[in-house]
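Taking it in order: structure first as structure tokens, then the write-up.
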Number of protein chains: 2
Amino acid sequence: MKQLDIVIKNGTILTMDPDNSIHEKGFLGVTGDTISLVGTDGNAPPEGEKVIDARGGLVLPGLINGHTHAAMTLFRGLADDLPLMDWLNHYIFPVESRMDADFVHTGTLLACAEMIMSGTTTFCDMYLFEQEVARAAHLAGMRCIVGEVLYDFESPNYGPVEKGLEYTEAMIREWSADPLVSVAVEPHSLFTCSPGLLVACHDLARKHEVPLVIHVAETLTEIEEIQGKYRKTPLAHLDSLGMLGPHLIADHCVHLDQQDMELLHENDVKVIHNPESNMKLASGVAPVPDMIMRGITVGLGTDGCASNNNLDLFTEMDTAAKLHKVHRMDTTVMDAITVFRMATIEGARALGLEQDIGSLEVGKKADIIILDTQKPHLTPLFNPFSHIVYAAKGNDVSHTIINGRIVMEDRRLLTLPLPDLFEKVDNQANRVRGWLGT
Amino acid sequence: MKQLDIVIKNGTILTMDPDNSIHEKGFLGVTGDTISLVGTDGNAPPEGEKVIDARGGLVLPGLINGHTHAAMTLFRGLADDLPLMDWLNHYIFPVESRMDADFVHTGTLLACAEMIMSGTTTFCDMYLFEQEVARAAHLAGMRCIVGEVLYDFESPNYGPVEKGLEYTEAMIREWSADPLVSVAVEPHSLFTCSPGLLVACHDLARKHEVPLVIHVAETLTEIEEIQGKYRKTPLAHLDSLGMLGPHLIADHCVHLDQQDMELLHENDVKVIHNPESNMKLASGVAPVPDMIMRGITVGLGTDGCASNNNLDLFTEMDTAAKLHKVHRMDTTVMDAITVFRMATIEGARALGLEQDIGSLEVGKKADIIILDTQKPHLTPLFNPFSHIVYAAKGNDVSHTIINGRIVMEDRRLLTLPLPDLFEKVDNQANRVRGWLGT
């Protein structure tokens, strides 16, 4: 038997394997970066270099945030409740046009701290200065897919878009051997990218066999604009460019017709659902129950902090479960297990990482969280899936392990010093106030 | 100057007075059960018997849960995602028919622990064995309005409904001098109470000048049933019985027509909005922005834990703010201040307690919470109202003070011993498992 570097005992293990198997009073062993032992309910736990007592709590796969703009933590609460164009033109765009690598680095560190402390172990990011996102995630010890946002106009990071494609390709090469960071090609959207740019992005992604990430069909304005320009729905437009396929990660997909869903399904396109952002920005309600019924892979994301305003996937699960029930006037859609799978194994599948993460199974990477249930709002415990989706919050997570490394222990973040981070965040927030003249 | 029993310093005080005044680096003094000093920004804080350092956090009025069934914490996660009638017939009704005073006492203690630890200082309850709710709230040190649920059929508590009216009147008399507990008359709904019972309830409430609390217009099924029986909407039915008035607290009000809203407004009826429950039970989306625009007083509630499944008013505020934006496709409705007022001063007004609670003003009762913002998900801080509604969670509350008594300090619950409580909860949960044969 292998040496066990970490043993987690005295917890209920929710594996999220294909049967959603549960091991009550089970244990879990980690060797190096890998899960080497799961289950064996009721037996005495084996010895390990480090033993973590889950104290009767829940042992879960780390959560997967399928879509975010991490550094936008620095815009948290900057402006809410405004008409979309006011919000973009008077707050988000003026600030984004001035920001720099330092800003993105600090904002991403803050996002990583928040995500680790709320049980997220993997995120898929799209933003500017994405090299800094990779570096910050590396410092924090988080798993991620990162990609520089690409569009037709000049970027404050790389300038003209040709340079953006070069920047992306250089990042793909630089991080190719990294155990945690991988790089995707990320055109912003169909309304900010010409067909030529979209195809160039697709070709680059296929050349390096990396994911292609894009916002699709998020708002009715987008649908109208694409219909007006190309006489097609956004998905039909992507199809006509030959871009649909299993490596395409389509964020949002709020406004779809039956044919769009057929295209998603036929081509095994992956979808990331962002219910809180879609609600806060009044974008609409994505037809997630329909997509899941068709067999489309749907993961869950928080989107950026300017439109949420947090990165807590527990409350995102709660919202996802409830929103569709009232939207369909059907209490049975989006049951707790379905929603928890979206935040774990289905999220992994959406990002093309299901071989490595998303469930607690021997041979997978050790991305594990422990949920402390010794709290009034998590008792009594009749059904662990119900508690995860409908009652728990991110700060009920006591431990976070990523790739076999303990990054949070008893709510102490081990990879980043919070006081330093808060000081950096304050400095960047003051820059934002200066830029906006407030 | 009065002796100050408690001084809270080094916080940003959000008063929720009529101007929503904010005192940065202000302080707040408590004498006995009353707020005796607020504000005076930047000056040195005065001496006090007990000094609490808010460490740069937010000092807020305690939150007001306008509608719950506290003891239903013991059904948390028992059954979700089921068709309504399956859920009621196979889980809720079989358990409720067997439960007793002990069960309700323990369930309410658990609810009080959860509420205090998530910043709620006042709740309005409707359930069976309500005397135990009053006793448990008294033990926990919470402010509440309680009332035995009354309906046409036999109750496992009091038997026939005449006894229920007597039970209610006895409770009104018993608790009349209590500083924290007050008693309301609480007929369950229009579809479970005959017109005769409704009028008897109304008369009893008016006799003692106490609130009258009832579920109204929660589901489409109810609307159809009342229309079928009385050829009227639920509100028109209540109007025809002469029951509308400022002391009527109407829970839910999901399905209203223009005339119903006019009736609510004309008669100054109070409404409690329960967005998460209405979503989870697929009841519908209440026209809250319309009601507020008309000047109707709307408070916020969590409803019971079987349909939520927690009592956290912070996430309830978040959901309230977002749900109506997507429902109206309008980002500007239900802004953060409006929603926070629903959980504080408007909630107080809804319960008829606005003279005593709901804002931090000199002369009001000292129901105060402190929100610890030294956390990644609450930084940076551009707008405190935004953080409260869109980013904070109940367990970010560090201190809870009710009627001048510190009931939680640095997240230690001072009024109830949690290990004992968890043992009692486990015992009751085992009874539930026995009743259901699971």
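Numbers restart at 1 for each chain; the letters A, B, ... are given by sequence-line order, proteins then strands.
Interface summary for chain B: among A/Thr379, A/Val285, A/Leu413, A/Asp335, the most heavy-atom pairs under 4.5 angstrom belong to A/Thr379.
The closest donor-acceptor contact from the side chain of B/Thr331 to the backbone of A/Ala282 lies at 3.5 Å or more, if one exists at all. In this structure, the side chain of B/Lys322 engages the main chain of A/Asn308 through a donor-acceptor pair within 3.5 Å.
Contact of B/Leu78 with chain A is made through backbone and side chain together, with heavy-atom distances under 4.5 Å. Proximity to chain A is limited to the backbone of B/Met334, based on heavy atoms less than 4.5 angstrom apart. A/Ser118 does not touch chain B: none of its heavy atoms, backbone or side chain, sits under 4.5 Å away. Proximity to chain A involves both the backbone and the side chain of B/Met329, based on heavy atoms less than 4.5 angstrom apart. Using a 4.5 Å cut-off between heavy atoms, B/Thr73 touches chain A through its backbone atoms (N, CA, C, O) alone. Using a 4.5 Å cut-off between heavy atoms, B/Lys280 touches chain A through backbone and side chain atoms alike.
Taking A/His252 as the reference, A/His67, A/His215 meet the ring pair (Phe, Tyr, Trp, His ring centres under 6.0 Å) condition, with sequence neighbours excluded. Evaluation of the ring pair (Phe, Tyr, Trp, His ring centres under 6.0 Å) rule for B/Phe314 yields no partner, not counting sequence neighbours. The ring pair (Phe, Tyr, Trp, His ring centres under 6.0 Å) search around A/Phe340 returns none, not counting sequence neighbours.
Contacts from residues 415-432 of chain A to chain B, taken as heavy-atom pairs separated by less than 4.5 Å, involve A/Leu418, A/Phe422, A/Val425, A/Ala429, A/Val432 in sequence order.
Using a 3.5 Å distance cut-off with no hydrogens or angles, the side chains of A/Ser386 and B/Asn309 do pair a donor with an acceptor.
Residue B/Val326 is tested with A/Met279, A/His327, A/Glu276 for a side-chain contact (heavy atoms from CB on, under 4.5 Å); the sole match is A/Met279.
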Evaluate side-chain contact (heavy atoms from CB on, under 4.5 Å) for A/His387 paired with B/Arg76, printing each intermediate quantity in order. CA-CA 8 Å; A/His387 274 19; B/Arg76 194 197 312 273; 3.5 Å; yes
